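Because the structure is a prediction, the values reported are computed rather than measured.
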Amino acid sequence: MDLLTIGAFAKASGLSPKALRLYDELGLLRPARVDPYTGYRYYAVAQLDRARLVAWLRRLGMPLAEIRAVSALTGADAAREVRAYWARIEAETAVRRDLAAFLVTELTEAPREGTTMLELRCAAHSDRGHVRPANQDTVYAGRRLLAVADGFGPAGAPASGAAVQALRFLDEEAGLRPGNVLNLLADAVRGAGDAVREVTEGAQDVGTTLTALLWTGSRLALAHIGDSRAYLLREGGLFRITHDHSVVQSLLDEGRLTPAEAESHPQRSLLLKVVGADPDLRLHEALPGDRYLLCSDGLTGVVPDGRIKELLAAAPDPETAVRSLVDAANTAGGPDNVSCVVGDVVPPVG
């Protein structure tokens, strides 16, 4: 067996001797031979491929625990794990990119004079559906605040109700400005987490999602946790502006599932984040004619996005929109509670 000294192996593999000693201690890359008298490490030439793979994965920033798993695989299996890891990194980077863009705008943009203030006209509707024994969703549509919460577990209804109730003070908050609205919303969502813990204390497998929009008069701040969703209908196009915090969505992101497989996956209802975790926060510039939809997965689980777009575009007002969407979910079987809030951005009357 051809052996290389640790120095020669380090040079050939792209790993430093210090890193090689660490990986030996962790059991990630053991030397082929250790001199019993000097403790000097020797590596086989055949170990170079594994060592180089470890070096490349470290440059990607992959944690050592994941490197151990990937380096034990070969070919397509290893490639699939690398692809899945990078998909997670890109998703996390996208969230940080949005936050950075918001901060840059707020730190450099001069106060806008004479901005045309718009109004938000909205409606909400929630229904038990045809299968569930009770409705555990909570909805709210106020002057400034739109919210949908989808509770689960034996105390799901109190959980969703507490989450939305904790945000309702924002509807009367004076002096909302784009520069402070995300901070206010983030604080309120943290308060919602405390409220949910209080009403579900001692209960097991209980929680709620929460998707909320807070209106400033020119912009909408979004807070999102879970798999309820927010959509924007603008100029005939429907855009989903939230990302599900679910097991199935993570598998889709990582390329482990196709959209068709996700529709029937047995873990569709498993969530990665619920109220109590840090929310996704974003700020949206509103335009006259925009129509926003917040909904629980009782709608999106049975009504495809194309049909949602048709119903939103056809409805003359928010009240008609929420009724038609809930009816569509029930027509499709109504297997879950279904809740919708629709808000239209319109010029002020007069």
- Message: Are the side chains of Leu287 and Val345 in contact, using a 4.5 Å heavy-atom criterion?
- Response: no
- Message: Check whether Arg68 reaches the backbone of Leu26 with its side chain - one donor and one acceptor, N or O, closer than 3.5 Å.
- Response: yes
- Message: Any side-chain to backbone donor/acceptor pair from Ser246 onto Gln249? Under 3.5 Å, distance only.
- Response: yes
- Exercise: identify the closest heavy-atom pair between Cys122 and Gly142: SG-O, 3.2 Å
- Message: Looking at Tyr40, is its backbone amide N or carbonyl O close enough to the side chain of Asp35 to form a donor-acceptor pair, meaning the two atoms are under 3.5 Å apart?
- Response: no
- CG-SG distance between Leu299 and Cys340, expressed to the nearest 0.5 angstrom: 4.5 Å
- Before accepting this row, confirm whether a basic side-chain N of the pair Arg240/Asp305 lies closer than 4.0 Å to the acidic partner's carboxylate O. no
- Shortest non-hydrogen pair, Tyr140 vs Arg168, comes out as CE1-NE, 3.1 Å
- Single-linkage hydrophobic cluster Leu60~Ile67, side-chain heavy atoms < 4.5 angstrom: yes
- Message: Can you tell me how far apart CG (Leu271) and CG (Asp297) are? Round to the nearest 0.5 Å.
- Response: 8.0 Å
- Check whether any side-chain N or O of Thr138 sits under 3.5 Å from a backbone N or O of Gly161 as a donor-acceptor pair, and report yes or no. yes
- Nearest 0.5 Å please: distance from the CH2 atom of Trp56 over to the OG atom of Ser13. 11.0 Å
- Message: Between Glu25 and Arg21 (salt bridge meaning N to carboxylate O under 4.0 Å), is one present in this structure?
- Response: no
- Query: Within the distance-only criterion (no hydrogens, no angle test), does the side chain of Arg50 pair as donor or acceptor with the backbone N or O of Leu28 below 3.5 angstrom?
  - Reply: yes
- Task: Answer yes if Leu167 and Leu184 sit in the same cluster of Ile, Leu, Val, Met, Phe, Trp and Tyr residues linked by side chain heavy atoms under 4.5 Å apart, and no otherwise.
- Result: yes
- Item | Criterion side chain to side chain contact (heavy atoms under 4.5 Å, CB included) on Glu81 and Leu73, from CA distance to verdict | CA-CA 9 Å; Glu81 294 302 318; Leu73 303 173; 3.6 Å; yes
- With rounding to the nearest 0.5 Å, note down the distance linking CG in Leu146 to CZ in Arg144. 12.0 Å
- Ring centroid separation for His224 and His245, is it under 6.0 angstrom? yes
- On a heavy-atom basis, the closest approach of Leu118 and Pro348 is CA-CD, 4.2 Å
- Exceeds 12 heavy-atom contacts within 6.0 angstrom, atom CG of Asp187: yes
- Message: What verdict does the side chain to side chain contact (heavy atoms under 4.5 Å, CB included) test give for Val342 and Leu312, after you've listed the backbone C-alpha separation in whole Å, the side-chain angles of each residue and the deciding distance to 0.1 Å?
- Response: CA-CA 9 Å; Val342 169; Leu312 277 176; 4.0 Å; yes
- Message: Quiz question: by atom type and distance under 3.5 Å, do the side chains of Ser160 and Thr208 form a donor-acceptor pair?
- Response: no
- From the list Arg291, Arg234, Arg121, salt bridge (Lys or Arg N to Asp or Glu O under 4.0 Å) partner of Asp344 resolves to Arg291
- Give the intermediate values and the outcome of side chain to side chain contact (heavy atoms under 4.5 Å, CB included) for residues Tyr42 and Thr5. CA-CA 5 Å; Tyr42 294 88; Thr5 65; 4.0 Å; yes
- In this structure, CG of Leu270 is separated from CZ of Phe152 (nearest 0.5 Å) by 10.0 Å
- Looking only at atom types and distance, does a side-chain atom of Tyr85 sit under 3.5 Å from a main-chain N or O of Met62, one as donor and one as acceptor? yes
- Message: Testing the basics here: between Ala124 and Ala141, what is the closest heavy-atom pair and its distance to 0.1 Å?
- Response: CB-CB, 3.9 Å
- Item | Within one Ile-Leu-Val-Met-Phe-Trp-Tyr cluster: Tyr43 and Val54, side-chain cutoff 4.5 Å | yes
- Task: Say whether Tyr23 and Val34 are linked into one hydrophobic cluster, either directly or through other cluster members, by side-chain heavy-atom distances under 4.5 angstrom.
- Result: no
- Item | Side-chain heavy-atom pair Phe9, Arg41 within 4.5 angstrom cut-off | no
- Message: Atom CG of residue position Asp205 - does it have more than 12 heavy atoms of other residues, nucleotides or ligands inside 6.0 Å?
- Response: no
- Message: Please give me the minimum heavy-atom distance between Ala188 and Leu170, naming the atom from each residue.
- Response: CB-CD1, 3.7 Å
- For residues Lys309 and Leu233, determine if any side-chain heavy atom of one lies less than 4.5 Å from a side-chain heavy atom of the other. yes
- Query: Can any side-chain N or O of Arg52 pair as donor or acceptor with the backbone N or O of Ala12 at less than 3.5 Å?
  - Reply: yes
- Query: Would you call Ser339 and Asp150 a side-chain contact if the rule is heavy atoms closer than 4.5 Å?
  - Reply: no
- State the CD1-OH distance between Ile308 and Tyr231, to the nearest 0.5 angstrom. 4.5 Å
- For the pair Arg132 and Asp336, find out whether any cationic side-chain nitrogen is under 4.0 Å from an anionic carboxylate oxygen. yes
- Query: With no hydrogens and no angle check, is any side-chain donor or acceptor of Asp171 less than 3.5 Å from a backbone partner on Arg143?
  - Reply: yes
- Item | Heavy-atom closest pair, residues Leu120 and Gly343 | CD1-C, 4.1 Å
- Kindly say whether Asp227 contributes a backbone atom to a donor-acceptor pair with the side chain of Thr209 at under 3.5 angstrom? no
- Message: Is any side-chain heavy atom of Leu29 closer than 4.5 Å to one of Leu20?
- Response: yes
- Should Arg229 and Thr211 be marked as a side chain to side chain contact (heavy atoms under 4.5 Å, CB included) after you check the CA-CA gap, both sets of side-chain angles, and the distance that decides it? CA-CA 7 Å; Arg229 291 183 180 176; Thr211 302; over 6 Å; no
- Item | Transitive ILVMFWY side-chain link Leu311 to Val139, under 4.5 Å | no
- Task: Scan side-chain atoms only and decide if Asn337 and Ser296 contain a donor-acceptor pair under the 3.5 Å cut-off.
- Result: no
- Message: I'd like to check Pro31 versus Ile6 (side-chain heavy atoms, cut-off strictly below 4.5 Å). Are they in contact?
- Response: no
- Taking Arg219 for its side chain and His284 for its backbone only, find out whether a donor-acceptor pair lies under 3.5 Å. no
- Message: Looking at Asp77 and Arg80, is there a salt bridge between them, counting it only when a charged N and a carboxylate O are closer than 4.0 Å?
- Response: yes
- Task: For residues Leu4 and Val45, determine if any side-chain heavy atom of one lies less than 4.5 Å from a side-chain heavy atom of the other.
- Result: yes
- Side-chain contact test, heavy atoms from C-beta onward, threshold under 4.5 Å: evaluate it for Leu325 versus Val303 and give yes or no. no
